[in-house]
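The structure appears right after this line, and notes come after that.
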Amino acid sequence: MFKNFQGFHLIEAYHKAHQAQKDRPARTQKKSITAVIMILITLLIWNLPTESFGIKGLTVVHQRIIAIFVFATLSWITEMVSSWATSVTIIVTMLLFCSDSGVAWMCDPEQVGPLLSHKGVMATFADPVIMLFIGGFILAIAATKTGLDSQLAKVLLKPFGKKSENVLLGFLLITGLFSMFVSNTATAAMMLTFLTPVFKQLPPEGKGRIALALSIPLAANLGGMGTPIGTPPNTIALKYLNDPEGLNMGMGFGQWMMFMLPLVILLLFIGWMLLKKLFPFSQKTIELNIESTMKKDRKTYIVIVTFCITVLLWLLDSVTGINSYTVAMIPFMVFALTGVIGRQDLEEINWSVIWMVAGGFALGYGLNSSGLAALIVEAIPFGDFSPLFILILSGLICYGLSNFISNSATAALLMPILAVVCTAMDDKLDAIGGTSTVLIGVAIASSSAMVLPISTPPNALAYATNMVKQNDMAKIGLMTGIISMVLGYGLLFLMGELHVI
């Protein structure tokens, strides 16, 4: 992630360990077998007679998109290759075999059916949601480069005093706040770095160390739900909710925060009470000593002012008329013009996440623009399905997958499908609070999945401190995850019934 970030060494160590795990000989052999099986399944679907799918009006292009979708699903679930590499493969394969710029003898519209626009496929990487991601990354890079993050942590933790339980609450709330605007991985690394001297003060026989170590991934995962840029699944959900050619709900940044921020605060307090109960402190006070690295110069003040204005414009998007995607580009412009960020800083943007999300958008574009989504809606009687069944099934699938694979990949996989399902069910979803309950529910479920060290990078970083056992993480992760999903879905249902969203 960000090389200027406090705790970057933790992120670097995590990625090296993760890569070493992937490169083990036994794992390599298993991946080779998996790759062969995946390719065979994909080729089988690619070459089956179109009539075998039982979908009236299915063309060869539609069939190829289904095969690409199956490949993406298998690749993301098995993690045969990295998520972003899968997304690049999706986009390139669509361009070569499903678009008007594809291989000539394989892309004759008279033989394979209407083709996708190559500009449309490529435009998925420049979707407004991608700009929202980039704006969020730029804000985070500027804050870390100027040391504003460490100064904020120092100032915000000070009011919590020295009482051990209050310090725990402070770390939960501040980590949750940071992860609303900064990558949860980078936030977890920074806050764990601040905890290092605290661990030394606590007796090894007590459980306070465990509580503090677990508070960081817990808050980083939950805090990301608070804003559309807090975690990729949120932004992916917003994309499908606001798609002018799809659901077109016009949900803004401020509207998202209006109902999600109170939920996050409530969940963080519940997490605090659970941690206190399960891992009580034997030492009643803790001395905090966080060193600020903030540079008191012109660039720092530019970052502070720009950050405040950006957040304010995000919250007042319904008043100003400037949508959140356009607002996200303002700090980029300001920081570039004033020299706060330079060319080398652009290398610190998490391009792998952006490619990962773009691949998911390309799948959605292929489903909709080719007309495949409409054919599926006609072929499968979604309107006869129980709304409650769709809600529970989508939440459980997302929660289950996100505990084992990237929550971004899970959301990118499920959102296009659910957008089609929700469109087909139309008013029937009013019984559970509307379409937003299903799509935002998936975002909540993905952030609630934190049972295992491999579930999220913050979990892995906390586990790497050797302060946490896997069963401790599973215990607090499962309890908090279930509470998060129950309260989250309940809130979405209420907001839908009140027509707030």
Side-chain angles (χ1 to χ4, degrees), residues 128-129 132 224-228 230-264 266-267 315 317-318 323-325 360-361 364 367-368 373-374 376-378 380-399 402 407 410-448 484-501:
V129 172
L132 188 60
M225 295 192 295
T227 66
T231 183
N234 294 3
T235 319
I236 294 169
L238 199 67
K239 148 75 174 178
Y240 286 101
L241 288 168
N242 291 345
D243 188 354
E245 296 179 3
L247 298 169
N248 197 25
M249 294 183 65
M251 181 175 291
F253 198 101
Q255 190 179 2
W256 180 288
M257 286 192 71
M258 179 180 68
F259 60 89
M260 291 301 287
L261 183 58
L263 173 64
V264 169
L266 175 60
L267 289 173
L315 296 175
D317 50 359
S318 59
N323 64 39
S324 56
Y325 315 118
F361 290 170
L367 284 170
N368 289 298
I376 293 172
V377 167
E378 290 177 11
I380 302 173
F382 289 117
D384 297 336
F385 289 8
S386 163
L388 189 60
F389 171 75
I390 296 294
L391 183 67
I392 294 173
L393 184 64
S394 62
L396 289 178
I397 291 174
C398 180
Y399 180 78
S402 294
N407 60 8
T410 303
L413 183 65
L414 292 179
M415 292 290 183
I417 300 172
L418 290 173
V420 172
V421 173
C422 290
T423 301
M425 297 188 73
D426 200 24
D427 295 339
K428 283 195 70 175
L429 290 174
D430 290 345
I432 56 170
T435 299
S436 56
T437 306
V438 178
L439 296 187
I440 301 176
V442 167
I444 290 174
S446 66
S447 292
S448 302
S484 172
M485 289 180 66
V486 170
L487 291 180
Y489 276 98
L491 175 65
L492 290 173
F493 174 76
L494 179 62
M495 294 294 100
E497 286 292 295
L498 297 175
H499 302 290
V500 177
I501 55 176

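Numbers here simply count residues along the sequence, with the first being 1.
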Exercise. Give the ring-plane orientation class for Phe389 versus Phe385, where under 30° counts as parallel, over 60° as perpendicular and anything between as tilted.
Key: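 Phe389 and Phe385: perpendicular rings.
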
Using atom types as modelled and distance alone, determine if a side-chain donor or acceptor of [X] lies under 3.5 Å from a backbone N or O of [Y].
| X | Y | answer |
| --- | --- | --- |
| Thr227 | Gly230 | yes |
| Asn368 | Ala373 | no |
| Thr235 | Pro228 | yes |

Self-check item: Evaluation steps, side-chain contact (heavy atoms from CB on, under 4.5 Å), between Ser484 and Met225
Solution: CA-CA 10 Å; Ser484 172; Met225 295 192 295; 3.8 Å; yes

Contact summary for [X] and [Y], nearest pair of heavy atoms:
| X | Y | value |
| --- | --- | --- |
| Gly395 | Tyr489 | CA-OH, 3.3 Å |
| Gln255 | Met251 | OE1-CA, 3.4 Å |
| Leu414 | Ser394 | CD1-O, 4.3 Å |
| Ala431 | Phe493 | O-CE1, 3.2 Å |
| Pro416 | Gly364 | CB-CA, 4.0 Å |
| Ala443 | Met415 | N-CE, 4.2 Å |

[Y] side chain reached by [X] side chain, heavy atoms, under 4.5 Å:
| X | Y | value |
| --- | --- | --- |
| Leu267 | Leu487 | yes |
| Tyr240 | Leu418 | no |
| Ile444 | Leu263 | yes |
| Leu238 | Tyr325 | yes |

To the nearest 0.5 angstrom, please state how far the [atom1] atom of [X] sits from the [atom2] atom of [Y].
| X | Y | atom1 | atom2 | result |
| --- | --- | --- | --- | --- |
| Leu367 | Ile376 | CG | CD1 | 6.0 Å |
| Leu261 | Leu266 | CG | CG | 11.5 Å |
| Asn407 | Ser448 | CG | OG | 10.5 Å |
| Ile440 | Leu491 | CD1 | CG | 9.5 Å |
| Met257 | Ser324 | CE | OG | 12.0 Å |
| Ile236 | Leu241 | CD1 | CG | 12.0 Å |

Quiz item: Taking only residues two or more places apart in sequence or in another chain, which ones pass side chain to side chain contact (heavy atoms under 4.5 Å, CB included) with Ile432?
Solution: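 With neighbours one apart ignored, the set is Pro387, Leu391, Leu429, Val438.
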
Quiz item: Who pairs with Leu494 by side chain to side chain contact (heavy atoms under 4.5 Å, CB included), at least two apart in sequence or on another chain?
Solution: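 Leu494: side chain to side chain contact (heavy atoms under 4.5 Å, CB included) contacts with Leu498.
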
Exercise. With sequence neighbours excluded, tell me which residues meet side-chain hydrogen bond (donor to acceptor under 3.5 Å, both in side chains) with Ser446.
Key: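 For Ser446, no residue satisfies side-chain hydrogen bond (donor to acceptor under 3.5 Å, both in side chains) once neighbours in sequence are set aside.
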
Quiz item: Looking at residues at least two apart in the chain, or sitting in another chain, which of them share a side-chain hydrogen bond (donor to acceptor under 3.5 Å, both in side chains) with Asn323?
Solution: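 Partners of Asn323 under the side-chain hydrogen bond (donor to acceptor under 3.5 Å, both in side chains) test: Thr326.
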
Quiz item: Taking only residues at least two apart or on different chains, which pairs with a member in residues 431-442 satisfy salt bridge (Lys or Arg N to Asp or Glu O under 4.0 Å)?
Solution: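 The answer is none; no pair qualifies.
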
Quiz item: Given the rule in the side-chain contact (heavy atoms from CB on, under 4.5 Å) test, do Met249 and Ser436 qualify, once you have shown the distances and angles that lead to the verdict?
Solution: CA-CA 9 Å; Met249 294 183 65; Ser436 56; 4.0 Å; yes

Practice problem: With sequence neighbours left out, write down each residue that passes ring pair (Phe, Tyr, Trp, His ring centres under 6.0 Å) with Tyr399, or none if nothing qualifies. | Solution: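 If we apply the ring pair (Phe, Tyr, Trp, His ring centres under 6.0 Å) test to Tyr399, skipping adjacent residues, there are no hits.
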
